[in-house]
Amino acid sequence: MATTASTTILSTQPENTLVLPGVARALVFAGKIAQETAEAINQQAQARRRDFIAELLEAGAISASDLAHSLSQAFSSPLIDILAIDPIRLPQDLIDPKICLDYRVLPLSKRNGRLLVATADPANHEAAEQIQFSTQLGVEWIVAEYDKLVQLIDAQVKAHQTSITNFPSSDYGDLDAALAASVTDAGEEEESGNNLNNSQVNADDAPVVRFFHKMLVDAIKMGASDLHFEPYEFTYRVRYRIDGELREIAAPPPAIKESLASRIKVLSRLDIAEKRVPQDGRMKLRVGPDKVIDFRVSTLPTLFGEKIVIRILDSSSTRMGIDALGYEPEEKQRLLDAIGRPYGMILATGPTGSGKTVSLYSCLNLLNKPGVNICTAEDPSEINMPGVNQVNVNEKAGLTFATALRSFLRQDPHIIMVGEIRDLETADIAVKAAQTGHLVLSTLHTNDAPTTLTRLRNMGVAPFNIASSVILITAQRLARRLCSKCKTPADIPRDALIEAGFSESDADGSWVPYAPVGCDACNNGYKGRVGIYQVMPISEEIQRIILADGSALEIAAQAKAQGVRSLRDAGLHKVMLGVTSLEEVLAVTNE
């Protein structure tokens, strides 16, 4: 576009004006300035090593507005009032800030493989070539007034640099070395030749590195379970999941999204060049002589960049024991009785993030003894436990749950844990293992314990195989625990208690429900989480219902007759004990 316009002007100009810049020749041809004036200003600009347009406006030979209108007509380029654009809606990272400053250009939008760029000099072929080379996009000039354009470019670049260079340096000076030295690929030991160190961090990326590490340390200190790095069209945000609730923690400039994603990928041993498909990786951080925290990293391509979720895997949580998980005495005893049996299948069910893996590993921790051979197959292995043979499923390499299970059975195991039963093949092998002298622990995604049995039936497992292998099912949810320092008695009407599920006798006013308040020691009145469990042993009566191909409703009725609480009843019991609030139980359970 600019090339065509400038060629027309060149063909109609006197030969002695060819030494002038394209803008000067266009203005002379349009009669806006005299040729002698243009030549004098051009010589002065070259002597002072300044841009011709800046020198022209400073000399007062033409106004910025008149100049923009003249160049728009001369080069047949659209004219824009640059200050009418919302700066937050301008695209980020399309052009290097140095190019924007050097050539006084500003990207406005990308459309059909072409980049719309604001400029005061549409004859600047060098700028167009630089932009095309760096972005691999065609350039379409939009003319803007020079003074307004410079003002906006300076503000944008300054905001970008200030936002990044002013990231908190934090008080964690050794964190980068500690994190880098501890990074390992999943299932891979550390190798000195592969360790990252501070010398490999580009100086330009140092602020991003500090920011990322501060986010990690703050997440650990605040007790977060996940970090979410989420890019959007004009914004970028970081959220922590604290006590099951997502909270926005930071809103860094969108310009850092590429550098931040690359940094996380390098530490997680992921392919930094691959941005089209999801990737999974791991890293770990030694935060003390005897404490190592693992991080599971997941990337997901979105419309405006890669969303990255980092799960914090603290293996010390499994060593706290079953008592710390929130099982009531009778529920705990049912579970201990089941894991004490020599064979059979124990299933933990619930949605993602409900603590199923921690529950199973707490059981494995009790069973992990020198004379016991334990094998696990997970996708991926989340918690490292010495003494347990852990296998990461790798479907691309042909290592599926079913393949791993078949190999386990040739390894003389006592106990097998399967991360998740996803298909009939895995379910069949797990059932056969449970029937032939092995204790099998696994998870399923179902709403409660009774529906787990019908889910297995729907997957294609024969009723007699289910009845003869499954010995116990525990369904669970995680509810936020009320802060013991600030919780306050709640005035809940008796009718509301009964409607929530309390019996007439339980709603007699002999106990006090509590509500959250909020203080410096907690998060909006809650601190930590507690498990809500439905622990259902498979009795002979339930086995008969399974063999008769009975429904989940029939199984639930029989379980209730045997004293098994539903998830809602288990949650209401926690309300009566003052552990959590009624609103929290209603939010995490269905009735």
Side-chain angles (χ1 to χ4, degrees), residues 186-187 277-278 280 296 298 338-339 341-352 354 356-357 359-361 363-364 367 373-383 388-475 536 538 542-543 546-547 549-552 555:
V277 297
D280 293 303
R296 188 181 73 192
S298 173
I339 65 174
R341 293 174 63 170
Y343 58 86
M345 181 183 290
I346 298 172
L347 296 173
T349 73
T352 302
S354 59
K356 300 186 297 296
T357 301
S359 293
L360 291 185
Y361 266 96
C363 294
L364 289 181
L367 298 168
N373 182 13
I374 303 175
C375 297
T376 74
E378 300 168 80
D379 184 20
S381 179
E382 295 186 358
I383 299 171
V388 175
N389 305 291
Q390 297 172 278
V391 174
N392 269 329
V393 168
N394 186 344
E395 294 192 1
K396 288 184 179 178
L399 180 56
T400 63
F401 280 115
T403 305
L405 277 173
R406 289 192 187 95
S407 297
F408 287 169
L409 295 177
R410 294 191 289 270
Q411 296 278 322
D412 189 29
H414 296 97
I415 299 165
I416 296 171
M417 189 186 106
V418 185
E420 182 183 349
I421 294 178
R422 298 176 179 172
D423 52 48
L424 177 59
E425 184 181 16
T426 305
D428 271 339
I429 299 172
V431 164
K432 289 173 183 175
Q435 291 172 332
T436 55
H438 305 92
L439 183 64
V440 179
L441 287 72
S442 189
T443 69
L444 269 177
H445 289 284
T446 57
N447 290 328
D448 58 15
T451 56
T452 303
L453 297 169
T454 55
R455 167 76 176 131
L456 286 172
R457 183 71 188 91
N458 291 337
M459 288 175 69
V461 182
F464 63 86
N465 280 333
I466 299 173
S468 62
S469 61
V470 180
I471 58 175
L472 181 134
I473 300 171
T474 172
M536 187 180 79
I538 306 303
I542 293 179
Q543 285 179 334
I546 297 170
L547 291 170
D549 209 11
S551 67
I555 296 171

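FYI, side chains are in, hydrogens and waters are out, and symmetry mates aren't considered; it's all heavy atoms of this structure. Model, not experiment: these values are computed from the prediction.
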(message) If you apply the rule side-chain contact (heavy atoms from CB on, under 4.5 Å), what do you find for Thr436 with His438, and how did you get there?
(response) CA-CA 6 Å; Thr436 55; His438 305 92; 3.5 Å; yes

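- Remark: side-chain polar atoms of His414 are not paired, donor with acceptor, to backbone N or O of Leu439 under 3.5 angstrom.
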(message) Pair Asp448, Met536 - check side-chain contact (heavy atoms from CB on, under 4.5 Å), show working.
(response) CA-CA 10 Å; Asp448 58 15; Met536 187 180 79; over 6 Å; no

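- Within the 4.5 Å cutoff, the side chain of Cys375 has no heavy atoms near those of the Met417 side chain.
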For residues 403-411, which side-chain N or O atoms pair as donor and acceptor with protein atoms under 3.5 Å away, sequence neighbours left out?
from, atom 1, to, atom 2, distance (Å)
Thr403, OG1, Gly398, O, 3.4
Thr403, OG1, Thr400, OG1, 2.9
Arg406, NH1, Glu425, OE2, 3.4
Arg406, NH2, Glu425, OE2, 2.5
Ser407, OG, Thr403, O, 3.3

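- Gly419 approaches Thr443 most closely through the heavy-atom pair O-OG1, 2.5 Å.
- The two residues Leu424 and Gly460 have their closest heavy-atom pair at CD1-C, 3.5 Å.
- In this structure, Ser468 and Gln435 have side chains that are in contact, with non-hydrogen atoms separated by less than 4.5 Å.
- Judged as a side-chain contact (heavy atoms from CB on, under 4.5 Å), and not counting sequence neighbours, Tyr343 has no contacts.
- When each of Leu453, Thr454, Leu547 is tested with Ile466 by the rule side-chain contact (heavy atoms from CB on, under 4.5 Å), just one qualifies, namely Leu453.
- Between the side chain of Ser469 and the backbone N or O of Gly344 there is no donor-acceptor pair closer than 3.5 Å.
- Summarising the geometry of Ile421 relative to Ala430, their closest heavy-atom pair is CD1-CB, 4.4 Å, with the distance given to 0.1 Å.
- A distance-only check finds no donor-acceptor pair linking the side chain of Asn465 to the backbone of Val461 [under 3.5 Å].
- Within the 4.5 Å cutoff, the side chain of Ile346 has no heavy atoms near those of the Arg341 side chain.
- Legend: residues meeting side-chain contact (heavy atoms from CB on, under 4.5 Å) with Asn394, ordered by chain and number and at least two apart, are Lys396, Ala397, Leu399.
- Checked against side-chain contact (heavy atoms from CB on, under 4.5 Å), Thr452 has the following partners two or more places apart in sequence or in another chain: Leu347, Thr349, Leu444, Thr446, Ile473.
- By the side chain to side chain donor-acceptor pair (under 3.5 Å) test, Thr474 is found to be paired with no residue, residues two or more places apart in sequence or in another chain being considered.
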(request) Step by step, work out the side-chain contact (heavy atoms from CB on, under 4.5 Å) result for Val388 and Thr376. (result) CA-CA 7 Å; Val388 175; Thr376 74; 3.5 Å; yes

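- Among all heavy-atom pairs drawn from Ala427 and Met459, the shortest one is CB-CE, 4.3 Å.
- Between Ala433 and Val440 the shortest heavy-atom distance is CB-CG2, 3.9 Å.
- Applying the salt bridge (Lys or Arg N to Asp or Glu O under 4.0 Å) criterion to Arg455, with sequence neighbours excluded, gives no partner residue.
- Between atom CZ of residue Phe464 and atom CD1 of residue Ile546 there is a gap of 13.0 Å, rounded to the nearest 0.5 Å.
- Expressed to the nearest 0.5 Å, how far CG of Leu364 lies from OG1 of Thr357 amounts to 10.5 Å.
- The side chain to side chain donor-acceptor pair (under 3.5 Å) search around Asp379 returns Arg422, not counting sequence neighbours.
- Screening Thr426, Leu441, Ile429 for a side-chain contact (heavy atoms from CB on, under 4.5 Å) with Val418, the sole residue that qualifies is Thr426.
- Residues passing the side chain to side chain donor-acceptor pair (under 3.5 Å) test with Asn447: none are found, sequence neighbours excluded.
- Put simply, CG on Asn389 and CD1 on Ile415 are 11.5 Å apart, with the number rounded to the nearest 0.5 Å.
- The side chain to side chain donor-acceptor pair (under 3.5 Å) search around Ser359 returns Gln476, not counting sequence neighbours.
- With hydrogens and angles disregarded, no donor-acceptor distance shorter than 3.5 Å links the side chain of Ser381 to the backbone of Glu378.
- Under the side-chain contact (heavy atoms from CB on, under 4.5 Å) criterion, Gln543 pairs with Ala467, Ile538, Glu540, not counting sequence neighbours.
- Side-chain contact between Arg457 and Pro463 is present, with at least one heavy-atom pair separated by less than 4.5 Å.
- Contacts of Asp412 classified as salt bridge (Lys or Arg N to Asp or Glu O under 4.0 Å), with partners at least two apart in sequence or in another chain: none.
- Between the side chain of Lys356 and the backbone N or O of Pro351 there is at least one donor-acceptor pair closer than 3.5 Å.
- The main-chain N or O of Ser298 is never found under 3.5 Å from a side-chain atom of Asp280 such that the two would form a donor-acceptor pair.
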